[in-house]
Chemist: 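One structure coming up, written as structure tokens, with questions to follow.
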Protein chains: 2
Amino acid sequence: MVGQDASCCPGLASAPLADVRATELAKVFKALGDPVRLRLLSMIASRDGGEVCVCEMTPAFDLSQPTISHHLKLLRQAGLIDCERRGTWVYYWALPGVLDQLAAFLTTPRAVTEVTVAEAAVVGVTTAEVTP
Amino acid sequence: MVGQDASCCPGLASAPLADVRATELAKVFKALGDPVRLRLLSMIASRDGGEVCVCEMTPAFDLSQPTISHHLKLLRQAGLIDCERRGTWVYYWALPGVLDQLAAFLTTPRAVTEVTVAEAAVVGVTTAEVTP
DNA sequence: CCTCTATATTGACGGCTTTCGATTCAAGGC
DNA sequence: GCCTTGAATCGAAAGCCGTCAATATAGAGG
């Protein structure tokens, strides 16, 4: 699961980046390149229930309501969050897929043995299976 | 080592981001938010010797020499690369520290037991120490 | 149906970014 | 010293971005 994301796309340091892929990635990084959007995304991603109402985010900033709405739109267009209207309110939640892809992209490749052992552990392999 | 980077600064999804830290991080993400800079950084980071001459990067793009120089400057100001003049030529290399920090920041926290076991494995703890 | 509240959209303004041509600076070779 | 080559800086033009006030839309409740 996590390992597949990392293996499907070469990381930043594994080979020179192709033009098309660089453009794709730059779009997402650009969405993260604003303090307000970073705080919004963090607010949403760190929320326990997984959802945050706009009515709760707007007063957390010294910005107008349209500005917050604009930033949320950009985060949504970058594939980082999604939303749903429920009555008068709109709720946002995080989509972890793109974030995980970015993390994998930025992660500098470690030694092969370390990666293998670590991921065996994450996947849930028992210690007996790892060492005879 | 890797674990310390992750633990010193709370990740995106662990708690709402503070204003100051969001501004810091946004600066780096903004530097990554351009296809040309992403390709430049990838070219540098993926190079085997670790160093790339400007004279090699400039012709790889359909852009003027001052423009490439400008992008390299932004990457350097973001703490992602550094350079040194050697005779007539200037060589750039990647500084992995900030990249690793970003990757840790973006990585969504896994279940506690998984993390513990995985990092024990990475650090090199024997299986006997992990399970009694 | 009208009103009220919550959110999104529109239009405009100032500032920042990307890009270029022209120039400058640094180092080597003659 | 003077010229050549590689790279950085300067100054300007075009476009994009973050922000706001004003307006539009969606739904709830009388």
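The chains referred to below are lettered A, B, ... by the order of the sequence lines, with proteins before strands, and numbering in each begins at 1. Excluded from the calculations below are hydrogen atoms, water molecules and symmetry mates; all remaining heavy atoms, backbone and side chain alike, are included.
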Chemist: Once you apply a heavy-atom cut-off of 4.0 Å, does B:Y92 come out as touching a base, just sugar-phosphate, or nothing?
Modeler: sugar-phosphate
Chemist: What pairs with B:R47 under side-chain hydrogen bond (donor to acceptor under 3.5 Å, both in side chains), at least two apart in sequence or on another chain?
Modeler: B:E56
Chemist: Where along nucleotides 24-30 of chain D does protein come under 4.0 Å, by heavy atom, of base (B) or sugar-phosphate alone (S), with - for untouched nucleotides?
Modeler: --BSS--
Chemist: What are the atom names and distances for every N/O pair under 3.5 Å that joins the protein to nucleotides 12-20 of chain D?
Modeler:
| unit_1 | atom_1 | unit_2 | atom_2 | d |
| --- | --- | --- | --- | --- |
| D:dG18 | OP1 | A:R37 | NH1 | 3.4 |
| D:dG18 | OP1 | A:R37 | NH2 | 3.0 |
| D:dG18 | OP2 | A:R37 | NH1 | 3.3 |
| D:dT19 | OP2 | A:H71 | NE2 | 2.5 |
| D:dC20 | OP2 | A:S64 | N | 2.8 |
| D:dC20 | OP2 | A:S64 | OG | 2.9 |
| D:dC20 | OP2 | A:T67 | OG1 | 2.7 |

Chemist: Under a 3.5 Å distance rule, please check whether B:R85 uses its side chain to pair with a backbone N or O of B:G87 as donor and acceptor.
Modeler: yes
Chemist: Does A:T58 reach the main-chain N or O of A:C55 with its side chain, forming a donor-acceptor pair under 3.5 Å?
Modeler: no
Chemist: With a 4.0 angstrom cut-off to heavy atoms of chain B, pull out the first and last contacting nucleotide of DNA chain C, in 5'-to-3' order.
Modeler: C:dT18 to C:dG28
Chemist: Given the rule in the side-chain contact (heavy atoms from CB on, under 4.5 Å) test, do A:K30 and B:D34 qualify, once you have shown the distances and angles that lead to the verdict?
Modeler: CA-CA 7 Å; A:K30 198 178 287 186; B:D34 182 280; 5.9 Å; no
Chemist: With respect to the phosphate group of D:dT9, does any side-chain polar atom (N or O) of B:K73 fall under 4.0 Å of OP1 or OP2?
Modeler: yes
Chemist: Under 4.0 Å between any heavy atoms, over every strand shown, what does B:F61 touch: base, sugar-phosphate, or nothing? Just pick one.
Modeler: nothing
Chemist: Which residues, ordered by chain and number, are linked to B:V20 in its hydrophobic cluster, where ILVMFWY side chains connect at heavy-atom gaps below 4.5 Å, directly or through other members?
Modeler: none
Chemist: Angle class for the B:F29/B:F105 ring planes (parallel below 30°, perpendicular above 60°, tilted otherwise)?
Modeler: tilted
Chemist: Evaluate the salt bridge (Lys or Arg N to Asp or Glu O under 4.0 Å) criterion for residues B:D82 and B:R76: first the C-alpha distance (whole Å), next the side-chain angles of each, then the deciding distance (0.1 Å), finally the verdict.
Modeler: CA-CA 6 Å; B:D82 202 359; B:R76 191 151 45 85; 5.0 Å; no
Chemist: I'd like to know if the side chain of A:S42 and the backbone of B:L17 have a donor-acceptor N/O pair within less than 3.5 Å.
Modeler: yes
Chemist: Taking distance alone, no hydrogens or angles, what donor-acceptor pairs closer than 3.5 Å link side-chain atoms of residues 62-74 of chain B to residues at least two apart or in another chain?
Modeler:
| unit_1 | atom_1 | unit_2 | atom_2 | d |
| --- | --- | --- | --- | --- |
| B:S64 | OG | B:T67 | N | 3.4 |
| B:S64 | OG | B:T67 | OG1 | 2.9 |
| B:H71 | ND1 | B:R37 | NH1 | 3.0 |

Chemist: Can you tell me which residue among A:L80, A:L75, A:V54, A:I81 is in a side chain to side chain contact (heavy atoms under 4.5 Å, CB included) with A:L40?
Modeler: A:L75
